[in-house]
Amino acid sequence: MTNARNKRSRGYAVLLLAVLALTLIPLAGLAIDCAILYIVKARISAACDAAALAAARNLSLGQTLAEQEATARARALSFYNANFAENFLGATRLPPTITIPPGSVNNVLNITVSGSARVRTYFMGMLRGSNIGVVNVAATGTAARRDVKMMLVLDRSSSLDTSGDCDLMKSKSSEFVGRFADGRDTIGLVVFGTNMVVIPPSQTFMNRIQDTIEDIDCGENTSASMAYWRAYEELVNSNPMPAALNTIVFFTDGIPNGIWADFDVRNASGNRFGYREGPCGHNDTCPIPASTCSNPGNRIRGVLVQWGDNQPRGAVAGLFEPVGAQVTDSAPRVARAGCAFSANGNHAEKVRKDLRFIPDVDAQSNRIRNYPIGYSQYKQFVTNPDSDFDIQYPNQIRLDRPSTIAKASSNLLDYGAQRVRNRALNSQIGVVTYVIGLGSRSLPIQQQPDDVLLARVANDPGDPYDASRIRSPIYVDDPLLSDGMYIRATNDAEMSAAFHKIASELLRLTK
């Protein structure tokens with residue numbers, strides 16, 4: 001009886017297994033087919049994302065919008081095919097659809113790549129009455145490219161000519177401009193020495209800016225604050241673009257030493273450092289007669305510079321016009337009847353006779369000292385045998401001392417950069433600053449870029465993995481704005497690398 005019962009049980013088991021097989025095998029097949037479909041869809045999605053990013057990154061290549069779009073499509077297709085190979089898991093790859101709108105919306109261009117494939121199922125098609133032997137699988141990837149609105153600010157001071165770096169600076173900055181797209185990005189230029197030449201930002205920038213850079217003659221002084229603030233004004237005032245990537249790229253090879261301001265006429269004699277052809281030389285203190293400028297009650301606006309290598313004693317010169325016409329011209333002197341500094345010949349140093357002192361505020365409303373609450377002042381004016389304060393006008397900043405002019409100029413740049421970060425002219429437009437400081441560390445400290453100052457200008461957070469990066473001592477983390485960057489370049493190779501690194505960073509941030 002037991003054997004008979006076991007035989008009947010085995011019969012039931014075989015019957016039950018046959019019934020279950022009709023259900024389990026299709027379910028197992030469905031799981032396998034679904035897994036394949038999922039893997040293929042994931043691969044298409046990754047390929048679409050890579051292709052969209054590649055298209056966005058390559059929209060800067062080409063002289064015309066049509067060339068840029070063709071390059072972007074070609075790169076997108078290449079990345080798509082590389083990330084989703086033909087016959088992957090037996091799938092038939094279909095050509096992707098790459099959508100590049102003709103223009104941006106609110107300064108953002110959204111690029112879309114859609115991909116699909118026909119995937120053969122291994123089990124679904126075996127089901128009776130099924131018509132799903134081949135399944136279409138699709139995915140979409142997008143990338144947003146922000147328009148770039150940038151002001152490139154280039155130092156053309158005489159130290160670049162002396163060091164032999166002028167031509168390389170011109171070459172690398174021109175290549176840098178070439179990384180962006182005519183007709184898509186908006187770029188302007190400020191070239192500065194004693195004065196500045198300004199090209200307002202435009203979408204048809206390439207030829208004009210590159211030709212201007214090629215024409216640069218390096219010479220004169222370093223009126224950095226004036227040029228930096230003018231670049232900011234151009235970003236804000238010329239066709240404001242709040243949603244664009246607004247940025248200033250600032251190149252310099254030395255310490256600021258030019259001040260654009262309104263100066264009072266010196267209407268009384270008194271002691272100060274002298275000047276060439278005067279009662280004493282510029283290294284000695286003696287009684288200097290009052291100015292003979294006409295209209296002594298009217299202030300005189302111009303750029304005051306120093307010729308004394310930023311030393312405590314040496315030549316001071318001015319005043320000069322702030323804006324020039326050509327990057328090959330020397331800055332013309334300000335003309336004021338009766339003033340010794342504006343006479344023909346070698347009389348620029350006689351500004352010590354004509355002007356009283358350096359005002360606390362320049363012509364662009366940037367401050368030299370007594371920063372408002374919330375700012376950390378950079379340079380402190382000190383009292384010593386060669387005081388930064390004027391002998392004749394106590395507690396006023398003297399203008400007969402080259403190193404004092406350098407301190408004042410540094411404060412102006414520092415305060416101007418803090419105003420830029422605080423959106424002084426337009427609360428809707430945040431500006432990111434990138435700075436390159438060129439100079440061998442073997443040079444005297446007065447001839448090297450001021451690393452702390454330039455890190456403050458860039459608002460650089462520093463980099464724990466890069467010892468060459470310097471953190472700004474007043475770094476502020478703005479959640480609505482990318483961090484800036486300061487790069488110190490000590491030779492030609494590092495200068496080339498700096499321009500390349502900033503271009504790569506900007507193109508990365510546009511995505």
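A donor-acceptor distance shorter than 3.5 angstrom exists from the side chain of T71 to the backbone of E67, with no hydrogens or angles considered. Judged purely by atom type and a 3.5 angstrom limit, S410 uses its side chain to pair as donor or acceptor with the backbone of A406. In this structure a side-chain-to-backbone donor-acceptor pair under 3.5 Å is missing from S427 to R423. Without hydrogens or angle criteria, S116 side chain to V137 main chain gives no donor-acceptor distance under 3.5 Å. Panel note: side chain S173, backbone K170; a donor-acceptor pair is recorded below 3.5 Å. Without hydrogens or angle criteria, Q448 side chain to L443 main chain gives a donor-acceptor distance under 3.5 Å. A donor-acceptor pair under 3.5 Å links the side-chain atoms of N459 to the main chain of V476, judged by distance alone. Not a single donor-acceptor pair under 3.5 Å links the side chain of Q68 to the backbone N or O of A181. Put simply, the side chain of S223 gets close to the backbone of T194: a donor and an acceptor are under 3.5 Å apart. Remark: side-chain polar atoms of Y232 are paired, donor with acceptor, to backbone N or O of L425 under 3.5 angstrom.
R441 has a carboxylate O that lies under 4.0 Å from a charged side-chain N of D451, or vice versa, which qualifies the two as a salt bridge. Between E505 and K501, none of the side-chain N atoms (NZ, or NE/NH1/NH2) sits under 4.0 Å from a carboxylate O, so this pair counts as no salt bridge. In this structure, R421 does not pair ionically with D478, as no charged nitrogen and carboxylate oxygen lie closer than 4.0 Å.
Nearest heavy-atom pair, I98 versus A76, reported as atom, atom and distance to 0.1 Å: CD1-CB, 3.7 Å. For the pair F250 and L454, the tightest heavy-atom approach, listed with the atom from each and the gap, is CE2-CD2, 4.5 Å. Of all heavy-atom pairs between L413 and S225, the closest is N-CB, 3.5 Å. Here the closest heavy-atom approach between residue Y371 and residue I368 is recorded as CE1-O, 3.8 Å. Between P322 and V303 the shortest heavy-atom distance is CA-CG2, 3.7 Å. The minimum heavy-atom distance linking A417 with V457 is given by the pair CB-CA, 3.7 Å.
To the nearest 0.5 Å, atom CG of residue L168 and atom CG of residue L160 are 10.0 Å apart. Within the model, atoms CE of M226 and CZ of R230 stand 9.5 Å from one another, a figure rounded to the nearest 0.5 Å. Interatomic distance, OG of S409 versus CG of N366, reported as 11.5 Å (0.5 Å rounding). Taking CE of M169 as the start and OG of S174 as the end, the distance is 11.0 Å to the nearest 0.5 Å. A distance of 7.5 Å separates CZ of R93 from OH of Y80, quoted to the nearest 0.5 Å. For the atom pair R73 CZ and I111 CD1, the distance stands at 9.5 Å (nearest 0.5 Å).
For the side-chain hydrogen bond (donor to acceptor under 3.5 Å, both in side chains) criterion with D414, the lone passing option out of R456, Q377, K379 is R456.
Checking D253 against S157 by side-chain atom types alone, a donor-acceptor pair falls below 3.5 Å. Between the side chains of Q418 and R367, not a single donor N or O lies within less than 3.5 Å of an accepting N or O.
Taking the centre and axis of the six-membered ring of F88, the NZ or CZ atom of R43 falls inside the cone set by 45° and 6.0 Å.
No side-chain heavy atom of S202 sits under 4.5 Å from any side-chain heavy atom of R208. Between P201 and K149 there is a side-chain heavy-atom pair separated by less than 4.5 Å. Using a 4.5 Å heavy-atom cutoff, the side chains of M150 and V249 are in contact. Looking at heavy atoms from C-beta onward, T222 lies in side-chain contact with F192 at the 4.5 angstrom threshold. The shortest distance between side-chain heavy atoms of D492 and D165 falls below 4.5 Å. Side chains of R471 and D460 form no contact here, defined as non-hydrogen atoms less than 4.5 Å apart. Contact check for Y486 versus P449: side-chain heavy atoms found under the 4.5 Å cut-off. By the 4.5 Å heavy-atom criterion applied to side chains, L412 and I259 are counted as neighbours.
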Residue pair F205, D182: steps toward the side-chain contact (heavy atoms from CB on, under 4.5 Å) verdict: CA-CA 6 Å; F205 60 86; D182 237 355; 3.5 Å; yes

Stepwise side-chain hydrogen bond (donor to acceptor under 3.5 Å, both in side chains) test for R369 and N411: CA-CA 7 Å; R369 56 177 176 160; N411 273 25; over 6 Å; no

Applying salt bridge (charged side-chain N to carboxylate O under 4.0 Å, His left out), run through R179 and E175 and close with a yes or a no. CA-CA 7 Å; R179 298 285 297 273; E175 289 179 11; over 6 Å; no

Apply the test side-chain contact (heavy atoms from CB on, under 4.5 Å) to residues V177 and M206: give CA-CA distance (whole Å), side-chain angles for both, the deciding distance (0.1 Å), then the verdict. CA-CA 7 Å; V177 172; M206 191 71 69; 3.9 Å; yes

Can you list the steps and then say if T140 with C48 is a side-chain contact (heavy atoms from CB on, under 4.5 Å)? CA-CA 6 Å; T140 298; C48 289; 5.7 Å; no

Assess whether side-chain contact (heavy atoms from CB on, under 4.5 Å) is satisfied between L506 and V148, documenting all intermediate values. CA-CA 8 Å; L506 284 172; V148 174; 5.6 Å; no

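In this structure, Y415 places its OH atom where more than 12 heavy-atom neighbours from other residues, nucleotides or ligands lie under 6.0 Å away. With a 6.0 Å radius and a threshold of 12 heavy atoms from other residues, nucleotides or ligands, Q428 has its CD atom at or below the threshold.
Aromatic ring orientation, F499 versus F251: parallel (interplanar angle below 30°, classes split at 30° and 60°).
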